[in-house]
There are 2 protein chains.
Amino acid sequence: MDRLLQSVKININENIYVKDPESSDLGKRIIQESILMVNEMGFESFTFKKLGVKIGSNESSIYRYFENKHKLLLYLASWYWGWLEYQLVFATNGIGNPKEKLKKAIEIVTKVTEEDSSFSHINEVLLNKIVINEYSKSYLTKEVDAENKEGYFIIYKRLVTRISDMIKAINPDYKHPSSLSSTILEGSLHQYFLKDHFPSLTDCKEGNDTSTYFQNLVFSTIKP
Amino acid sequence: MDRLLQSVKININENIYVKDPESSDLGKRIIQESILMVNEMGFESFTFKKLGVKIGSNESSIYRYFENKHKLLLYLASWYWGWLEYQLVFATNGIGNPKEKLKKAIEIVTKVTEEDSSFSHINEVLLNKIVINEYSKSYLTKEVDAENKEGYFIIYKRLVTRISDMIKAINPDYKHPSSLSSTILEGSLHQYFLKDHFPSLTDCKEGNDTSTYFQNLVFSTIKP
DNA sequence: CCAAATATAATAGTATTACTATCATATAGT
DNA sequence: ACTATATGATAGTAATACTATTATATTTGG
């Protein structure tokens with residue numbers, strides 16, 4: 001997988017950034033360090049000023065890449081979902097059996113994140129933690145409808161649709177394929193959050209517990 | 001139901017507030033108007049200064065009830081979950097059949113919110129909208145572990161546990177009762193959010209769609 | 001290789017937020 | 001009427017989230 005991915009670039013809506021952070025060294029440092037910092041101090045405490053100090057650059061220079069930190073969060077989240085989508089498509093493409101295919105898809109989107117050496121400036125493990133802790137904040141806003149119209153959530157929506165389509169392929173009569181798909185994606189993040197902070201509210205403790213939980217949930221629910 | 005509830009007070013952890021807002025007229029106006037305002041402008045734009053203007057009071061007076069707006073959000077959320085818990089216990093108490101009981105419980109926590117005249121200063125319909133749009137922000141913070149230790153989320157946790165226990169009563173061998181219970185509560189809020197902002201990601205369009213979705217999900221998954 | 005374009009850095013300034021502190025006034029209970 | 005307690009008014013502070021301007025590097029095209 002590594003070799004192939006080396007030439008892949010995750011494609012992100014151009015309106016999310018002012019200048020493409022992939023286009024320069026400073027841009028990549030902004031992404032790289034913002035992942036470390038947001039993970040470390042949380043999105044609320046994170047500021048462009050602090051990021052500037054950390055990367056030895058200036059606040060005003062960061063504003064040339066992103067309008068504000070909310071847009072940066074949208075960028076990081078889009079990158080994460082784009083990366084997951086790529087893995088999902090790659091891993092399920094050759095599978096003919098619809099049930100095997102969906103099973104694999106659920107495994108991909110619910111399993112514990114592992115480092116991907118193809119993107120050296122991005123720490124996928126920490127980025128996954130950011131998505132678990134901060135993604136909701138990117139859409140639980142008053143601007144969500146306008147931003148949705150701008151296409152800022154398109155990759156995430158496409159991912160939900162892909163899994164929804166796989167569910168339909170197994171049981172075209174099941175009444176809630178989209179709800180079930182969105183429940184898997186959002187619910188998986190939530191179970192990981194609970195594991196770390198409210199362990200009594202989840203049974204997903206380690207390894208592939210989360211995958212097992214959702215695979216069982218989905219296949220019991222949709223039957224053939 | 002109305003008569004009985006008139007003497008009920010939702011019991012909220014005393015450390016969430018500085019002074020009990022139920023203990024005075026100003027306190028109740030703070031709660032009443034904050035629900036309208038947070039719903040109207042979103043939690044980010046909401047400030048104590050603006051609230052003061054709206055209720056014809058002073059910023060500094062509001063600080064005598066809540067340390068900050070985060071604590072006020074914790075209060076509103078706790079009140080909401082306490083209110084839901086009361087309805088759940090009340091509605092399921094007499095039901096002997098475990099399946100009927102769980103079915104009713106899921107209906108209560110997933111159905112569309114209706115006004116409850118027992119609490120005249122609280123608009124439950126708007127409060128439900130606030131919980132849908134803002135609740136995640138109350139725990140997706142760096143302080144979550146400390147605040148959990150303080151007991152700020154205890155009502156919500158008790159609700160999850162209640163439903164988890166009902167699942168266990170039906171099938172003691174099912175491996176993920178807590179995960180399933182937390183998926184219902186959190187997933188229900190999410191489906192309502194999707195309905196309003198990402199309709200293509202949900203099949204829950206109106207009336208009792210959400211209840212039907214989750215009842216079907218749960219009973220298919222746990223079987224007998 | 002020089003000029004011009006472009007990228008980055010430095011500095012300053014602004015409105016708003018999220019408070020804290022102090023003092024004044026109103027009201028309520030004994 | 002006295003005194004506690006609740007509320008209101010005002011002022012002040014550090015930090016945030018920017019915008020604007022100017023200066024200095026760095027790149028690149030002729």
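Chain letters run A, B, ... following the sequence lines, proteins first and then strands; every chain starts at 1.
- Under 3.5 Å, the side chains of B:N15 and B:Y152 contain no donor-acceptor pair of N or O atoms.
- In this structure, the CD1 atom of B:I55 is 12 Å from the C1' atom of D:dG8, given to the nearest Å.
- The separation between A:D25 atom CG and C:dA9 atom P is 10 Å, rounded to whole Å.
- Between A:K19 and C:dA7 there is a side-chain N or O to OP1 or OP2 distance below 4.0 Å.
- To the nearest angstrom, P of D:dA17 lies 16 Å from NZ of A:K71.
- As rounded to whole Å, 14 Å separates atom P of D:dA15 from atom CD of A:E59.
- Using modelled atom types, one finds no donor on one side chain facing an acceptor on the other under 3.5 Å when comparing B:Y192 with B:T110.
- Seen from the ring of B:F198, A:K157 does not count as a face-on cation partner, given the 6.0 Å and 45° thresholds.
- In terms of phosphate contacts, A:T47 brings no side-chain nitrogen or oxygen within less than 4.0 Å of OP1 or OP2 of D:dT16.
- Between A:Y65 atom OH and D:dC18 atom P there is a gap of 19 Å when expressed in whole angstrom units.
- As rounded to whole Å, 9 Å separates atom C1' of D:dA15 from atom NZ of A:K50.
- Checked by atom type, the side-chain pair A:Q191/B:S179 shows a donor-acceptor distance below 3.5 Å.
- Along DNA chain D, the nucleotide nearest A:Y63 and the nucleotide nearest B:N58 are compared for position; the residue whose nucleotide lies closer to the 5' end is B:N58.
- Here C:dA18 presents its P atom at 11 Å from CD of A:E44, a figure rounded to the nearest Å.
- When the nearest nucleotides of DNA chain C are assigned to B:K69 and B:S60 by heavy-atom distance, the more 5′-ward of the two goes with B:K69.
- In this structure, of C:dC19, C:dT8, D:dG8, it is D:dG8 that holds the atom nearest to the side chain of B:S57.
- Nucleotide C:dA9 holds its C1' atom 11 Å from the CD1 atom of A:I62, rounded to whole Å.
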